[in-house]
Amino acid sequence: MPVKVDADLCIGCGACTGVCPTASLSLNDEGKSECNEDTCVTCGACIGACPVGAISE
């Protein structure tokens, strides 16, 4: 099951995109992080990298 990004909490800093080993996270047109469900391996790297707790399992 891929991670979930709370768009209301996301500040668009991109910290999660830099630590994702499968490049499953990217910033969308609104500057918010989004997860590619097809490639996410739920490793949790992005959860720990998010400074505002916007990402969860």
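These figures come from a predicted structure and were not determined experimentally.
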Quiz item: Hey, does L25 have a side-chain heavy atom less than 4.5 Å from the side chain of E34?
Solution: no

Quiz item: With side chains defined as the heavy atoms from C-beta onward, is the minimum distance between K4 and I55 less than 4.5 Å?
Solution: no

Quiz item: Do S56 and D6 touch side chain to side chain, with heavy atoms closer than 4.5 Å?
Solution: no

Quiz item: Quick one: are V52 and C50 in side-chain contact, heavy atoms under 4.5 Å?
Solution: yes

Quiz item: Sub-3.5 Å donor-acceptor pair from the side chain of K32 to the main-chain atoms of A7, do we have one?
Solution: yes

Quiz item: Would you say C20 and C46 make side-chain contact, with heavy atoms under 4.5 Å?
Solution: no

Self-check item: Closest heavy-atom pair and its distance - S33, C16
Solution: OG-SG, 3.1 Å

Quiz item: Is any side-chain heavy atom of C13 closer than 4.5 Å to a side-chain heavy atom of P51?
Solution: yes

Quiz item: Do V19 and V3 sit in the same hydrophobic cluster, where Ile, Leu, Val, Met, Phe, Trp and Tyr count as joined when their side-chain heavy atoms come under 4.5 Å apart?
Solution: no

Exercise. Considering non-hydrogen atoms only, spot the tightest contact between C35 and P2 and give its length.
Key: SG-CB, 4.1 Å

Quiz item: What distance do D38 atom CG and T22 atom OG1 have between them, rounded to the nearest 0.5 Å?
Solution: 11.0 Å

Quiz item: Does some side-chain heavy atom of C43 sit less than 4.5 Å from a side-chain heavy atom of P21?
Solution: yes

